Each structure stands twice: as structure tokens, then as C-alpha cells.
Amino acid sequence: MNPRGSVVHQSKFRNVFGQPFKRPECYEGVPVTVNTFENSFCCVNPKFFALCTKPKGAFTVIPLEKVGRLGVPTNVLHSGFHIMDLKWNPFNDNILATASDDGTIKIWFIPDSGEVEGLQPVRTIEHHKKRVSSLEWHPTVKNVLGSASFDQTAAVFDIDHNDSWRLISETQPIDDAIWQLVWDWNGEKMFTISKDQLLCSFNPRTGELIQKASGPAHDKKKIIKLVSLGKSNCLATTGFNSRTEPELRVWNKDDLDEKMTEQECGEGSGVLFPFFDADCSVIFLAAKGEGSVRYFEVDGDNAHCRLHQLFQYSAKDSQRALCAMPKRGLQTDKCEIMRFYKVYNSTPLVEPISFIVPRRVEGYQEDLYPPTPGPTPACSADEWLEGTVGEPVLISLKDIASLATDSSDQMTVQISSAELQAENDTLKAEVESLKEQLMKANEEIDQLKALLNSQ
């Protein structure tokens with residue numbers, strides 16, 4: 001009991017603290033995009049860190065071991081339009097998806113070396129009619145990707161169908177541009193939040209609308225971020241209340257009009273990016289333009305939900321964006337339960353920050369690391385479409401051999417007839433140019449021979 005007589009929430013995560021990496025272990029010298037859309041613009045897995053950078057429409061990939069001052073990065077150009085989102089495939093650490101302001105989605109295979117000079121996409125998906133604002137890989141099905149767009153639709157794609165891609169489903173247009181899409185724990189539902197601040201749930205196999213909330217998720221009409229709370233029946237949103245103060249709200253996935261709980265989150269004006277650790281049941285909130293990360297333990301069942309504030313990490317340097325390392329990339333021998341990669345707001349620096357549970361005993365702690373989703377899909381797209389419900393394939397973080405993805409699955413490069421024709425025309429032009437150079441060289445040789453014979 002505390003002095004006021006209320007029960008103190010007991011938690012093994014109560015003293016979790018944030019510890020930034022030392023400067024030589026950071027990534028220095030990579031400029032971040034000037035895009036002002038409220039997305040992370042970065043993503044990380046146990047092999048690579050990817051970041052939207054300059055010029056417009058470009059991204060770069062950094063192998064995690066390549067720390068320190070990086071010099072001029074090698075960029076990959078998606079298009080001449082801003083990249084709006086990018087995500088690593090959870091079942092292949094070498095496959096990256098990018099979405100653009102021009103409505104296209106591209107799939108890239110990154111070699112283990114991280115060398116991206118001259119890299120070309122293995123898939124180009126031209127489906128949406130406007131900006132693609134959000135991407136999210138299916139949590140259990142191999143090579144299935146969800147997208148949300150300002151054309152007011154969400155779509156689901158199989159990106160490896162007969163050496164090409166296919167559209168699995170598409171929602172009917174709702175009443176406003178969609179900001180973000182997320183899946184539930186096993187991918188049997190997908191949820192969106194749109195510019196009108198209304199939550200929607202859909203059947204991802206058919207695109208059928210399951211429910212549309214009757215009212216806005218938050219009071220102030222500012223951008224809202226969304227995260228699914230693991231195996232629970234809960235969905236969390238971050239937005240602003242009527243006093244323009246940031247807040248966290250939790251909703252029932254089966255009834256999007258049922259608010260289960262809410263929590264005020266300070267007085268800042270920056271958008272709150274939520275990250276949920278399903279293994280520890282801890283939600284982290286990072287405010288854009290600030291240096292703080294708040295975290296709460298989520299407690300309850302499908303009928304009730306409670307939030308318990310744990311602690312707050314603070315730093316003087318503000319963040320432009322953050323992304324979270326998957327569990328299989330953490331340092332379990334140091335009791336690390338979360339690691340963010342913080343993109344600085346004012347300088348070209350990416351700083352990893354570890355969140356650690358203090359323990360007297362060093363080494364792997366079984367109670368901190370329950371079985372967690374691994375890099376193996378539960379089923380194929382065809383099996384899923386036939387009705388298979390694939391639960392995440394869980395692994396133990398103690399088994400190092402089970403943590404790596406299969407980089408041999410490179411996917412066959414898809415080349416359209418138009419691209420083939422363009423490449424053919426380019427090669428023909430190069431051949432003609434070489435012929436002209438050869439003719440000129442032969443003429444010069446003949447002139448030199450004639451000159452020698454006349455002497």
C-alpha cells in the first residue's frame with residue numbers, strides 16, 4: 001500500500017530503464033527525409049536498418065554492424081515522389097517493402113552485404129490511385145502485405161504469386177483518406193484509422209467491412225496512430241483530447257465503439273507513436289519532437305483493460321522518428337526487452353536505445369522471454385485463402401539457431417514487357433554507339449597506315 005492507501009501495482013517491469021548506446025556505436029552522417037507526413041520513415045531488423053533519406057523518394061540500407069560515421073550513403077530511388085512508409089518482411093530479413101506518394105508499392109531484395117548500388121525492385125505494385133500511407137506485413141502468412149491509401153481503400157497483396165504479385169482483396173472506399181493499417185495477432189482481422197478519425201475493421205480475405213465506429217477515436221482532429229495489443233481483444237490509439245493534450249485510448253476489437261480505458265500522456269504537442277511488446281504486455285509511447293519515451297503495462301483480459309504507468313525515459317535531444325527491433329534481435333543476456341532506433345531531429349544521427357530490466361543475476365532470464373513469434377510463417381497465401389487460421393509460430397529466444405530468416409528465398413525478379421522493351425532499346429542504342437566508335441577507330445587506323453606508307 002502507498003501512503004494514500006491505494007494498492008501499488010507490482011510488476012517486474014516497474015524499474016525498466018532506457019540506456020542509449022555510446023556515440024561510437026551509433027550511426028552518424030545519414031540525412032533523414034524532409035517529408036512532413038507523420039510516419040516513422042525507418043525500420044530495423046536483426047540485419048539492417050533502413051531509412052528514408054534525401055533526395056526525395058530515396059532510402060538507404062545500413063548493415064547493423066556498420067556503426068560510426070558512415071560518409072556519403074548509397075541511396076536507392078523508389079521514385080521522384082516521397083516514400084511514405086517502409087517495412088521489413090518478418091519472415092525474410094532481406095526483403096523490404098516501400099510505399100510512395102505516387103501510389104506505387106515496391107518490393108526490394110537486399111543482399112546480405114547490404115550493398116544497394118544499382119538495386120532494382122523485384123516487384124512493382126501499381127494498384128492504388130493515390131498516396132499509399134501505410135504498409136504492414138501479415139503476421140503469420142508468407143509474403144502477404146497489407147496497404148492503406150489516401151484513395152480511401154485498404155488492400156491485401158500476395159507478393160510472390162507465379163513470379164509476380166496478385167491482389168487478394170480490396171476494401172470499398174470509406175469516407176476519407178486512410179492514415180494507417182494494422183493486423184490483429186493472427187491476421188484474421190485488419191484495422192484502419194482514417195482522416196475522419198473513425199476506426200474500421202475488415203475481413204482481410206474478402207475486404208468486407210466488419211464494423212465502422214460511430215464516432216471519432218479522439219476529440220481533436222489531429223493525426224491518430226494505431227497499434228494492436230497482441231493476443232488481447234484490445235486496440236490502442238494515440239491522439240489528443242479536447243484540451244489538445246496527448247492521450248492513449250484502448251478499444252474493444254469486437255466493438256469499436258467501446259472504449260475500455262484511457263490515459264493522459266503529458267502536455268506535449270508531438271504525435272505519439274505507440275509500440276507494443278506483446279511478450280511483456282508493455283506499451284511504449286514516443287512523442288515526435290520530444291526526447292521522452294513513456295511506457296505502461298497493460299493488464300486485464302478481453303473484458304477489462306487497465307494501464308499502469310511504469311517509468312519514463314527522457315533525453316535532451318528530440319526524436320524525429322523511432323523504430324523497434326524485433327525480439328529476436330535483442331541482447332537477452334543483458335535483460336533487454338526493447339530496443340529503439342532513434343532518428344535525431346536536429347542532426348543526422350541514429351541512436352539505439354536499450355530498455356533493460358535490472359537484475360542482480362546476469363545472463364538469460366527465462367521469465368522475461370516467453371516464447372515469441374519467430375521468422376517462420378504459419379502458412380502460405382494459398383493455404384490462408386482456403387481458410388487456414390495460422391497462429392504465429394513461436395520460438396525460444398534461448399535457441400540462437402532459430403532466430404535467423406532464410407535469405408536464400410530471393411524471389412524471382414518480375415520484369416514487365418514495357419521494361420523489357422525499354423531495356424532492349426537501350427541495349428540497341430549502346431550497340432549502335434559502339435559500332436560508330438569502332439568505325440571511327442578503323443578510319444583512324446587506316447589514316448595512320450597511309451601516313452606510315454607515305455614516309
Side-chain angles (χ1 to χ4, degrees), residues 9 11-13 16 43 45 87-88 90-91 134 136-141 144 146 180-193 199 201-202 204 210 217 225-238 248-256 258-263 272-286 293-310 322-330 332 336-340 355 357 367-378 389-397:
H9 177 66
S11 171
K12 58 188 169 188
F13 305 112
V16 168
C43 57
N45 67 27
K87 294 285 171 62
W88 290 109
F91 308 123
S134 177
E136 204 68 51
W137 293 95
H138 194 287
T140 66
V141 183
V144 168
Q180 189 184 356
L181 171 147
V182 299
W183 300 89
D184 66 356
W185 172 253
N186 60 7
E188 287 299 293
K189 286 184 182 179
M190 60 184 186
F191 302 89
T192 63
I193 186 71
L199 287 165
S201 59
F202 298 93
I210 299 172
K225 305 305 287 185
L226 183 64
V227 68
S228 178
L229 300 187
K231 290 176 281 188
S232 75
N233 204 37
C234 302
L235 189 72
T237 59
T238 58
L248 168 70
R249 289 182 174 180
V250 180
W251 307 88
N252 186 335
K253 289 178 182 176
D254 291 332
D255 182 2
L256 299 178
E258 181 188 348
K259 181 174 65 177
M260 304 181 75
T261 189
E262 63 183 354
Q263 173 72 45
L272 284 177
F273 288 87
F275 302 87
F276 186 65
D277 179 349
D279 298 338
C280 300
S281 199
V282 174
I283 187 168
F284 295 80
L285 304 176
V293 178
R294 294 178 174 85
Y295 31 108
F296 302 83
E297 187 168 14
V298 182
D299 179 31
D301 51 33
N302 288 342
H304 304 89
C305 180
R306 294 173 293 276
L307 297 171
H308 306 279
Q309 184 160 0
L310 297 172
L322 293 98
C323 57
M325 172 67 76
K327 278 282 183 170
R328 56 192 173 84
L330 300 182
T332 56
E336 183 184 39
I337 62 166
M338 175 65 79
R339 188 192 310 154
F340 288 115
F355 286 82
V357 179
D367 65 309
L368 297 181
Y369 303 106
T372 192
T376 303
V389 178
E391 295 295 324
V393 178
L394 304 182
I395 60 171
S396 168
L397 294 180

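This one's a predicted model, so the numbers in the text were calculated from it and none came from an experiment. All heavy atoms count here, side chains included; hydrogens, waters and symmetry mates do not.
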- Task: Output, in order, the C-alpha distance, side-chain angles, deciding distance and verdict of side-chain contact (heavy atoms from CB on, under 4.5 Å) for L256 and L235.
- Result: CA-CA 9 Å; L256 299 178; L235 189 72; 4.3 Å; yes
- Task: Show your working on side-chain contact (heavy atoms from CB on, under 4.5 Å) between F273 and L322 and close with a plain yes or no.
- Result: CA-CA 8 Å; F273 288 87; L322 293 98; 5.9 Å; no
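- Rounded to the nearest 0.5 Å, atoms CG (D367) and SG (C280) are 9.5 Å apart.
- Side-chain N or O atoms of K327 include one that pairs as donor or acceptor with a backbone N or O of I337 at under 3.5 Å.
- Residues L181 and F202 are not in side-chain contact: their nearest non-hydrogen atoms beyond the backbone lie 4.5 Å or more apart.
- Within the 3.5 Å criterion, the main-chain N or O of S134 finds no donor-acceptor partner in the side chain of K87.
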- Test side-chain contact (heavy atoms from CB on, under 4.5 Å) on V182 and Q180 and set out the steps. CA-CA 7 Å; V182 299; Q180 189 184 356; 3.7 Å; yes
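- Looking only at side-chain heavy atoms (C-beta outward), L368 and F13 come within less than 4.5 Å of each other.
- Across every non-hydrogen atom of G230 and A278, the tightest pair is CA-CB, 4.1 Å.
- For the atom pair NZ (K189) and CD1 (I210), the distance works out to 5.0 Å, reported to the nearest 0.5 Å.
- Formation of a donor-acceptor pair under 3.5 Å by the S281 side chain with backbone atoms of V298 is found in this model.
- Residues N45 and P326 come closest through the heavy atom pair CA-CD, 3.9 Å.
- Put simply, the side chain of K253 reaches to within 4.5 Å of the side chain of S228, judged on heavy atoms.
- T237 places no side-chain N or O within 3.5 Å of a backbone atom of A217 that could act as its donor or acceptor partner.
- A heavy-atom distance below 4.5 Å is not found between the side chains of L272 and L248.
- Closest non-hydrogen pair, P139 versus D184, comes out as CG-O, 3.6 Å.
- A distance-only check finds no donor-acceptor pair linking the side chain of Y295 to the backbone of F355 [under 3.5 Å].
- Of the possible polar contacts, none joining the T238 side chain to the P274 backbone as a donor-acceptor pair under 3.5 Å is found.
- Nearest heavy atoms, H138 versus F91: O-CE1, 3.7 Å.
- With hydrogens and angles disregarded, a donor-acceptor distance shorter than 3.5 Å links the side chain of R339 to the backbone of G329.
- From T261, atom OG1 reaches atom CG of L307 across 5.0 Å, with rounding to the nearest 0.5 Å.
- Contact check for V16 versus L310: no side-chain heavy atoms found under the 4.5 Å cut-off.
- Taking each heavy atom of P204 and G187 in turn, the nearest pair found is CG-O, 3.5 Å.
- Residues R328 and T372 are not in side-chain contact: their nearest non-hydrogen atoms beyond the backbone lie 4.5 Å or more apart.
- In this structure, M260 and C234 have side chains that are in contact, with non-hydrogen atoms separated by less than 4.5 Å.
- Between E262 atom CD and W251 atom CH2 the span is 8.5 Å, to the nearest 0.5 Å.
- Residue W183 comes nearest to M190 through the heavy atom pair CE3-CB, 4.1 Å, listed as atom of the first residue, atom of the second, then distance.
- Of the inter-residue distances, the one linking F275 atom CZ with L285 atom CG reads 9.5 Å to the nearest 0.5 angstrom.
- Between the side chain of E258 and the backbone N or O of N252 there is no donor-acceptor pair closer than 3.5 Å.
- Interatomic distance, CZ of F284 versus CE of M338, reported as 4.5 Å (0.5 Å rounding).
- Contact of the M325 side chain with the L330 side chain is registered, since non-hydrogen atoms from C-beta on lie closer than 4.5 Å.
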